[in-house]
Amino acid sequence: LKMIETTKAIVINTIKYGDTSLIATCYTEKRGLKTYMLKGVLKAKKAKVKAAYFQPLTQLNLTANHNTKGTLNSIREIEVINFYNAIYSDIKKQSITLFLAEILYYSIKEEEQNTSLFNYLEASLLWLDAHDEISNFHLLFLLNLTKHLGFYPEIKNKDFTYFDLLEGKFTNTYKLNTISGEKITQFRKLLGINFDVIEQVNFSGSNRQDVLSILIQYFEYHIEGFRKPKSLNVLKSVFS
């Protein structure tokens, strides 16, 4: 079964297919995760669908044939919306973007509509593009992403000694999968805040690395098949 639909979409990943084609994975507003075959897109000069539209986290409006069975879909019409001014030219923003695209690729699995997740991605990426103080952005992005993926930390006992990564809550009982001490102090700073105050959070370079490691571990515990992004080292070197 096929249906023609127009939806907003955010590019998550592209893989080269043969010499001239790409397979693009996008997170769509109406259908969740969808994968598209872009035939001949790497060689066609005048094609409606251009390879340049498929940089990581580009925001698109597209009309596509959507198959109901999880096979490759095809795009009929496409335009870039919400143009970014700085994300692809600023080295810090670029490295954050590559990193977040990988995180999303390993985290989102559902082919179903989740408007609040889509809106979160759209708005936070526009925030990243528009602001200059962004060295903590990816930390809060990851933490708040867990709200939409269903494992945001339970914060009612956030003054307890340990944070249990598996249970997603604060506890006074030590286990192998708990964090404590200075790490938990830094981690707590992110809880319950929004992007507009993110740069008032006072992290040293090493605090930032610690919190990032905690968040990556947290994702590993809660998402089956999650892998550490390859771009993690680039990100660390840019923000150390």
Aromatic ring proximity, centroids under 6.0 angstrom, Phe219 and Phe151: yes
More than 12 heavy atoms of other groups within 6.0 Å of Asp19 CG: no
From CD1 (Ile198) to CG (Leu143), nearest 0.5 Å: 9.0 Å
Check: Ser213/Asp210 side-chain N/O donor and acceptor closer than 3.5 Å: no
Least distance between heavy atoms, Thr97 atom then Leu128 atom: OG1-CD2, 4.0 Å
Side chains of Leu117 and Ile108 in contact at under 4.5 Å (non-hydrogen atoms): yes
Glu224, CD atom: more than 12 neighbouring heavy atoms under 6.0 Å: no
Aromatic plane relationship, Phe118 with Tyr27 - under 30° parallel, 30 to 60° tilted, over 60° perpendicular: parallel
Shortest non-hydrogen contact between Pro56 and Leu98, atoms and distance: CG-CD2, 3.6 Å
Salt bridge Glu122-Lys8, side-chain N to carboxylate O under 4.0 Å: yes
ring-ring contact (aromatic ring centres under 6.0 Å, His included) against Tyr88, all qualifying residues, sequence neighbours excluded: Tyr84
Where Thr171 and Phe160 come nearest, the two heavy atoms and their spacing: O-CB, 3.4 Å
Donor-acceptor pair, side chain of Asn172 and main chain of Thr161, under 3.5 angstrom: yes
Verify same cluster id: Tyr105, Leu121 (apolar side-chain graph, 4.5 Å): yes
salt_bridge(Arg31, Glu5) N-O dist < 4.0 Å: yes
Whether His222 side chain and Tyr152 backbone form a donor-acceptor pair below 3.5 Å: no
All pairs passing ring-ring contact (aromatic ring centres under 6.0 Å, His included) where residues 171-197 contributes a residue, at least two apart: Trp127-Phe195, Phe137-Phe195, Tyr162-Tyr174, Phe163-Phe187
Side-chain (Ser124) to main-chain (Tyr120) donor-acceptor, under 3.5 angstrom: yes
Polar contact flag, side-chain donor to acceptor under 3.5 angstrom, Lys183-Gln186: no
Gap between atom CZ of Phe99 and atom CG of Leu212 - 0.5 Å precision: 5.0 Å
Tyr36 and His66 aromatic centres sub-6.0 Å: yes
Side-chain heavy-atom pair Ile223, Lys109 within 4.5 angstrom cut-off: yes
Shortest non-hydrogen separation from Ala9 to Cys26 and the atoms involved: CB-CB, 4.1 Å
From Ile87 atom CD1 to Ile96 atom CD1, the distance as rounded to the nearest 0.5 Å: 9.0 Å
Straight-line distance of Leu149 CG to Leu104 CG, nearest 0.5 Å: 8.5 Å
Backbone N/O of Lys230 and side chain of Glu102: donor-acceptor pair under 3.5 Å: yes
Check: Lys93 main-chain N/O paired with Asp90 side-chain donor or acceptor under 3.5 Å: yes
Distance (rounded to the nearest 0.5 Å) between Ile78 CD1 and Asn61 CG: 9.0 Å
Side chains of Ser74 and Asn65, donor plus acceptor under 3.5 Å: yes
Over all atoms of both residues, closest heavy-atom pair of Asn202 and Lys189: O-NZ, 2.8 Å
Leu190 vs Leu215 side-chain heavy atoms within contact, under 4.5 Å: yes
Side-chain donor/acceptor of Thr7 to backbone N/O of Lys30, under 3.5 Å: yes
Nearest non-hydrogen partners of Ile179 and Ile184, listed with the distance: O-CD1, 3.6 Å
Any side-chain donor near an acceptor of the partner, Asn73 and Thr71, under 3.5 Å: no
Working for side-chain hydrogen bond (donor to acceptor under 3.5 Å, both in side chains), residues Ser231 and Asn233: CA-CA 6 Å; Ser231 53; Asn233 292 338; over 6 Å; no
